[in-house]
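Report on the following structure.
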Amino acid sequence: MRMANSAFLQITFLLILFSNFFHTHSQQFSRRLSKNELGLKHEKLSHLHFYFHDIVGGRQPTAVRVAEAAVTNSSATGFGLVVMIDDPLTLGPNLSSKIVGRAQGIYGSADLTNLGLLMVLNFAFTEGKFNGSTLSVLGRNAVFSAVRELPIVGGSGVFRFAKGYAEARTHELNMKTGDAIVEYNVYVFHY
Ligand SMILES: *[C@@H]1O[C@H](CO)[C@@H](O)[C@H](O)[C@H]1NC(C)=O
Ligand SMILES: *[C@@H]1O[C@H](CO)[C@@H](O)[C@H](O)[C@H]1NC(C)=O
Ligand SMILES: *[C@@H]1O[C@H](CO)[C@@H](O)[C@H](O)[C@H]1NC(C)=O
């Protein structure tokens with residue numbers, strides 16, 4: 001009788017201990033975990049190459065002006081101008097080549113004296129193993145410089161924990177329409 005009682009008490013004690021353990025666990029605000037627990041193995045370095053089509057003119061623009069400074073012509077750089085984009089990204093420079101994703105976000109004129117854009121956008125990929133994954137860009141784009149470097153500040157999907165940079169080079173600028181084709185080389189660390 002005594003033995004049965006103490007065994008019962010022990011089991012009860014263990015049950016309370018474990019329920020308490022799971023209970024606190026579910027209410028925990030933060031904890032340490034190993035990379036393995038998230039399935040993170042080796043950090044990889046990837047190079048992506050594609051062309052960005054900024055289509056501002058024609059019947060189907062992919063870049064539209066959404067705001068500008070109330071004082072028009074206040075600066076030669078169009079300071080304050082904000083453009084929302086959903087620009088196609090293609091494998092080759094021709095717009096009819098394979099689409100690998102889209103550049104979705106905003107660029108704005110953020111420099112009063114020298115043309116410099118603030119770019120805040122996501123590359124949303126639709127091709128191969130990158131389909132559904134994104135890279136987030138936050139950087140300065142001095143569009144008339146030969147090479148511009150934009151930081152990659154993060155990503156999603158296969159690009160979780162991403163960090164890196166993108167190099168942008170103007171491939172073609174149509175002075176009549178304002179349409180631009182920009183070559184991108186992206187170097188990114190991810191798991
Ligand atoms: C706007 O600025 C440009 C370049 O500084 C100048 O050529 C043009 O005359 C200005 N337009 C107006 C309406 O002030
Ligand atoms: C782009 O591709 C289309 C269709 O393949 C072709 O007609 C056009 O000439 C190409 N444009 C350039 C600039 O190569
Ligand atoms: C990308 O993923 C979407 C949604 O899962 C799917 O509909 C589409 O067919 C995929 N595209 C490619 C090229 O795998």
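FYI, side chains are in, hydrogens and waters are out, and symmetry mates aren't considered; it's all heavy atoms of this structure. Counting starts at 1 for both ligands and their atoms, following the listed order.
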Exercise for the section: Would you sort out whether Phe161 and His190 count as a ring pair (Phe, Tyr, Trp, His ring centres under 6.0 Å), showing the intermediate values? Expected result: CA-CA 6 Å; Phe161 291 104; His190 61 102; over 10 Å; no
Practice task
Any atoms of ligand 2 less than 4.0 Å from a non-hydrogen atom of Ser96? List them with their elements.
Solution key: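 Answer for ligand 2: 1 (C), 2 (O), 3 (C), 4 (C), 5 (O).
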Exercise for the section: State yes or no: are the ring centers of His49 and Tyr184 separated by less than 6.0 Å? Expected result: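 Ring centroids of His49 and Tyr184 are no less than 6.0 Å from each other.
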Problem - Pair Phe123 + Phe50: ring centers closer than 6.0 Å - result: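 Aromatic pair counts; centres sit under 6.0 Å.
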Filter the ligand 3-protein atom pairs down to N or O on both sides and distance under 3.5 Å, then list them.
from	atom 1	to	atom 2	distance (Å)
ligand 3	2 (O)	Asn131	OD1	3.3
ligand 3	2 (O)	Asn131	ND2	2.3
ligand 3	11 (N)	Asn131	ND2	2.9
ligand 3	14 (O)	Asn131	ND2	3.2

Problem - Asn94, Asp179, Thr90 screened by side-chain hydrogen bond (donor to acceptor under 3.5 Å, both in side chains) with His53, the one that passes - result: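 Only one of Asn94, Asp179, Thr90 forms a side-chain hydrogen bond (donor to acceptor under 3.5 Å, both in side chains) with His53, namely Thr90.
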Problem - Glu37 bridged to Arg32 by N-O distance under 4.0 Å - result: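 Salt bridge absent between Glu37 and Arg32.
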Practice task
Quick one: list whatever passes ring pair (Phe, Tyr, Trp, His ring centres under 6.0 Å) with Tyr187, sequence neighbours left out.
Solution key: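 Only His47, Tyr165 meet the ring pair (Phe, Tyr, Trp, His ring centres under 6.0 Å) criterion with Tyr187.
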